[in-house]
Amino acid sequence: MPSLSSRMGRQVPELPEVESSRRYLEEPLVGRSVTGVAVGRARMIRHQAIPVDFTSRLLGRKLMAVDRKGKYLLLRFDADMTLVMHLGMSGRLQLALPGEECAPHSNVVIGFDDEIELRLVDPRTFGFAVAVTPEELAVHSVARLGPDALNALPRTSAFRTALRERTAPIKSLLLDQRIIAGLGNIYADEVLFRARVHGSRPGGSLNGEEVRRVRAAIGPVLKAGLRAGGTSLDDLAYLLPDGRAGEYLQRLRVYGRSGLPCRSCGTPIERMVLGQRSHFFCRTCQPPFRPR
DNA sequence: CCTCCATCCTGTGGGC
DNA sequence: TGCCCACAGGATGGAG
C-alpha cells in the first residue's frame, strides 16, 4: 500500500482545483488577445478535428470570459471561438512572463499581448486543449455534462430520479459526469463518507433520506476544497508541484487513509475497488448494506 | 440506454 | 545503490 504522502504527492485536479485555476486566469487574461500559440506535444490537442486549426483559430482572438463547467475550463474568445481545456490527471495551468523558463512538460503555451503566457503543464497528457466553434462545442463531450456540482446542484427530487433503477454503485454514479459534473475520485469518497453512505450501494437502493444526505454533502465538501485552493492561491507556491499537498492531507476524512482510524469513530478506514477505482470508507459510519 | 472493462500516460515508491 | 514494475486516475469507446 503506497503511503498517503506518495498518493497525494501530486494533486489530481478536481472541481475545486479547476475553479481555482479559473479565478487565477480571469483577471490577468480577460481583455487580452492571443499573439502566439505553441504546441509542444500534439497529443494535447488530439481532440482537435483539424490540428492546424488550433493555432489559426486562436491567433488574434480576444479573450472575453473564463467559464467553467464541471472539470472543464471554457475560455470564451471573440468571433465565437471557445478554447476548451481539461487538466486530466496531472495538468496544471501557469501564468508566466514570455522570457521565463518553462517548467518541464509545458505542452501548450498561449501568448497574450506578447506580455503574458498561459502554459498548460501536463506530464501525463491526459488533459487536452481544443479550439471549437459553437457547432463543434454543441457536440463536444462538454455539452453532455450534467449540472455543475458547485453552481447548479440539482434538487434532491431530480437527483433521486437520476438514481432510480440504477444498479451501478453510487460511487460510480457520482463519478459519472453526465449526472453531476465535477466530482472526481477523491471528493466522491469524501462526499459518501460525509453522507454516511457506502460507495458499493446500488444507486437505486438509496432511500430518499440517503439521497438527500449525499446531495447535501456535495456542496460543503467542494467548498472546503475550494477554500484550501483559494487560500494558497495567494501564494505562488501553489503553482509548484506538491504546493498544496499538506493542506489537503489534513482535510481528507477517508481518501488515502486505509488503516488509519476514522476521524469520526476510530474504526480503521478500509479500501476496496469499485469500477476499477479505489474506494475508501469506514464500515461503521458507512454500512455496506442498508440497515433494516 | 445501461454496465463493465480496457485504454491512454508517466512520476513515484516499494521491493529486490 | 540502482533497477524494475505496479499503481494512480478522467474520459472514452467497445462489448455484451
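The basis for the numbers below is simple: all heavy atoms, side chains too, and nothing from hydrogens, waters or symmetry mates.
Protein atom CZ of A:Phe280 is 13 Å distant from nucleotide atom P of C:dC7, rounded to whole Å. Protein atom CG of A:Leu15 is 11 Å distant from nucleotide atom P of C:dA11, rounded to whole Å. For the pair A:Met89 CE and C:dC7 P, the interatomic distance rounds to 15 Å; values are reported in whole Å. The distance between atom CD1 of A:Ile186 and atom P of C:dA8, rounded to the nearest whole Å, is 13 Å. Atom NZ of A:Lys69 is separated from atom P of C:dA11 by 13 Å (rounded to the nearest Å). Atom-to-atom, CZ of A:Arg144 to P of C:dT12 comes out at 7 Å; the value is rounded to the nearest Å. The distance from atom NZ of A:Lys71 to atom P of C:dG10 is 5 Å, rounded to the nearest whole Å. Straight-line distance from the CG atom of A:Leu87 to the C1' atom of C:dG10: 11 Å, rounded to whole Å.
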Fill in: salt bridge (charged side-chain N to carboxylate O under 4.0 Å, His left out) assessment of A:Asp122 paired with A:Arg41
CA-CA 10 Å; A:Asp122 188 1; A:Arg41 289 191 65 174; over 6 Å; no
Practice prompt. Please lay out, stage by stage, how A:Val254 and A:Leu252 fare under the test side-chain contact (heavy atoms from CB on, under 4.5 Å).
Written response: CA-CA 6 Å; A:Val254 284; A:Leu252 298 175; over 6 Å; no
Discussion item. What does the B/S/- profile of nucleotides 1-8 of chain B look like, 5' to 3', with a 4.0 Å heavy-atom cutoff to protein?
Written reply: -SSSBB-B
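Contact check, A:Arg46 against C:dA11: no side-chain N or O comes under 4.0 Å of OP1 or OP2. In this model, the phosphate group of C:dG9 is approached by a side-chain N or O of A:Tyr255 to a distance below 4.0 Å at OP1 or OP2. Phosphate proximity of B:dG11 to A:Ser90: absent, as no side-chain N or O sits under 4.0 Å from OP1 or OP2. An OP1 or OP2 oxygen of C:dA8 is reached within less than 4.0 angstrom by a side-chain nitrogen or oxygen of A:Arg271. Between B:dG11 and A:His105, a contact under 4.0 Å exists linking OP1 or OP2 to a side-chain N or O.
Only one option out of A:Lys171, A:Glu190, A:Arg277 pairs with A:Asn185 in a side-chain hydrogen bond (donor to acceptor under 3.5 Å, both in side chains); it is A:Lys171.
Note on A:Tyr72: only backbone sugar-phosphate atoms sit closer than 4.0 angstrom, heavy atoms only; bases stay farther off.
A salt bridge does not link A:Glu210 to A:Arg196: none of the charged nitrogens lies less than 4.0 Å from a carboxylate oxygen. Salt bridge status for A:Arg22 with A:Glu17: absent, with no side-chain N to carboxylate O gap under 4.0 Å. A salt bridge links A:Asp113 and A:Arg32; the closest N-O separation between the charged side-chain nitrogens and carboxylate oxygens is under 4.0 Å.
Among C:dT12, C:dA11, C:dG9, the nucleotide with an atom closest to any side-chain atom of A:His86 is C:dA11.
No more than 12 heavy atoms of other residues, nucleotides or ligands sit less than 6.0 Å from atom CD of A:Glu27.
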